[in-house]
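Just so you know, these numbers use all the heavy atoms, side chains as well, and skip hydrogens, waters and symmetry mates. The chains referred to below are lettered A, B, ... by the order of the sequence lines, with proteins before strands, and numbering in each begins at 1.
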2 protein chains.
Amino acid sequence: MTSREPRPGKSERRTDALSKERIVEAAIEILDAEGESGLTFRALAARLSTGSGAIYHHVANKNDLLTAATDEIVERVLSGVARYGQPREVIRVVALGMFDAIDVHPWVGTHLTSEPRQLALPQVLEGLGGPLRALGVPDHAQFDCASALLNYVLGVGGQNAAHARVHAGVGDRATFLASIVARWTQLDPERYPFVHKMATRLREHDDREQFLAGIDLILAGIESVSRTGETAVLPDP
Amino acid sequence: MTSREPRPGKSERRTDALSKERIVEAAIEILDAEGESGLTFRALAARLSTGSGAIYHHVANKNDLLTAATDEIVERVLSGVARYGQPREVIRVVALGMFDAIDVHPWVGTHLTSEPRQLALPQVLEGLGGPLRALGVPDHAQFDCASALLNYVLGVGGQNAAHARVHAGVGDRATFLASIVARWTQLDPERYPFVHKMATRLREHDDREQFLAGIDLILAGIESVSRTGETAVLPDP
DNA sequence: ACCTGAACACCGTTCAAGT
DNA sequence: ACCTGAACACCGTTCAAGT
């Protein structure tokens, strides 16, 4: 519980003065280790060997801190992702990068959908939407296509973050999934036939593969829009 | 600030004893009127003219209360939705029902993605996935298709909830969107060419139409999977 | 200018005491 | 059995006082 010494340098000045970068870095470490509920200004101040009020000299409030931490993770992920190559492959790599990042940092999946003004959102949008032109998607359809991809990625991310949050408290992932399957199979089979059919598949499915299958599904839809023109689904004539 | 009289009936017993239904109903009213931050056990107790501890006799905790409120809204929406007709139309109506519900009750969009054990999730899954068989989607692909639709709906819902939360505090929707457009156009046009192209469209777009365009995109992808078989996107042979 | 940490205004939740 | 509301153990945030 005692705070570690901040490097035993000369005593002229603390060599590691507080800065937004150091605060964000410490916040990320706490978030990864303890989850969202572990990040308090008191815990953060203790880890930085300072008073909780000091943090407010570098960060406006907790929301600002979470936004900065989320932006930092997304920046790292997307800067390490190839932007050349087949457009379809770039989209898949960007999407998978976000999926894996949220797998490692579940809190990113939560905050990404809760603060629409953060930089991370246009960054992901650029990564998913940029390749659309090269894919042959007409100008007027690009917004809809990019937004579908983005919202799907955000949906899965939020869901995975919620899963991680829950089975952080209650045992491991397998027992957590089993508890959901059990709940689903208790539902009335007359009213929920589809859910019953899917329940077993839920237990044995691979999150990452299924995520990619969804991306491929949307990509197939995008291809079909690009071919047929204006609307994705034409009413039967 | 004085609490309203609970109906001046005879004094044998309070005619309106506390119950989970009454608590959930009051919680929904507070959530709709004041937003998520307005729902506190003190505010809820005051509205129900009782002590805050009394609520715990009918509800396990705040998460349980929010789950019950979310389930209630989703139950209302989906029970009022047609289950017959063209399968594609059923999917669109279920999706639009969720979209509109989250538009009216933004907190539903938040809680739907934060509690994976709630009943509302399999309910929406049934509504979106049930019609897939009639659409001609092969058995082994139905899980991926339904999950893509569900995650897209959850993504948009979470995003819209976040928008509502922000522009509840800061003026109306138009100025909120304008502030996002302003932020996006300040980004480096070299690094974010796509975001720049989309920024103007963001201001003039219709949320509901765009939501439906995304559903249609995924439906087009589903059609294409059903036609071509196993994989959505075939590698060029 | 930056840091400190006590103080303030809240929360969710518990629990002895009432009916 | 159900309700009451004070008390407890936290929060985020502020701010006088220090350096």
Exercise. With ring centroids as reference points, do B/Tyr152 and A/Tyr152 lie under 6.0 angstrom apart?
Worked result: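 Distance test on ring centres: not under 6.0 Å, no.
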Just the rounded figure in Å: distance from [atom2] of [N] to [atom1] of [X].
| X | N | atom1 | atom2 | answer |
| --- | --- | --- | --- | --- |
| B/Asn61 | D/dA9 | CG | P | 20 Å |
| B/Leu65 | C/dC11 | CG | C1' | 15 Å |
| B/Leu18 | D/dG5 | CG | P | 13 Å |
| B/Leu66 | C/dT13 | CG | P | 10 Å |
| A/Ile23 | D/dT13 | CD1 | P | 13 Å |
| B/Leu44 | C/dT13 | CG | C1' | 14 Å |
| B/Tyr56 | C/dT14 | OH | P | 6 Å |
| B/Lys62 | C/dC10 | NZ | P | 15 Å |

Tell me which nucleotide among [options] gets nearest to the side chain of [X].
| X | options | value |
| --- | --- | --- |
| B/Ala54 | C/dG12, D/dT13, D/dC3 | D/dC3 |
| B/His57 | D/dC3, C/dC11, C/dC2 | D/dC3 |
| B/Phe41 | D/dT14, C/dG12, C/dC3 | C/dG12 |
| A/Thr40 | D/dG12, C/dT13, C/dC3 | D/dG12 |
| B/Arg42 | C/dC3, D/dT13, D/dA7 | D/dA7 |
| A/Ser52 | D/dG5, D/dT13, C/dC3 | D/dT13 |
| B/Ala17 | C/dT13, D/dG12, D/dC3 | D/dC3 |

For this session: Using a 4.0 Å heavy-atom cut-off across all strands, classify B/Leu39 as base, sugar-phosphate, or nothing.
Result: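 Counting heavy atoms under 4.0 Å across all strands, the contact made by B/Leu39 is with sugar-phosphate only.
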For this session: Pick base, sugar-phosphate or nothing for A/Ile55, based on heavy-atom distances below 4.0 Å to the nucleic acid.
Result: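 Here A/Ile55 touches no strand at all.
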Would you mind checking if [Y] and [X] are paired as a salt bridge, meaning a charged N to carboxylate O distance below 4.0 Å?
| X | Y | value |
| --- | --- | --- |
| A/Arg201 | B/Asp144 | no |
| A/Glu36 | A/Arg165 | yes |
| A/Asp103 | A/Arg208 | no |

Problem set entry | Under 3.5 Å side-chain donor-acceptor pair for A/Glu115 and A/Asn63 |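 Present: a donor and an acceptor within the cut-off.
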Problem set entry | Presence of A/His58 side-chain N/O under 4.0 Å of C/dC2 phosphate oxygens OP1/OP2 |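 For C/dC2, OP1/OP2 do not have a side-chain N/O of A/His58 under 4.0 Å.
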Exercise. Taking a pair as Watson-Crick or G-U wobble with both distances under 3.5 Å, which nucleotide is matched to C/dT14?
Worked result: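 Its partner is D/dA6 (Watson-Crick or G-U wobble, both distances under 3.5 Å).
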For this session: Return the nucleotide paired to C/dA1: Watson-Crick means purine N1 to pyrimidine N3 with N6-O4 or O6-N4, wobble means G-U with N1-O2 and O6-N3, both under 3.5 Å.
Result: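 WC or wobble partner is D/dT19.
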Problem set entry | Which atom of B/Ala69 lies closest to which atom of B/Leu31, heavy atoms considered |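 Closest approach of B/Ala69 to B/Leu31, heavy atoms only: CB-CD1, 4.4 Å.
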Exercise. 5'-most contact on DNA chain D: A/Asn63 or B/Gly53, nearest heavy atom basis?
Worked result: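 Closer to the 5' end of DNA chain D: B/Gly53.
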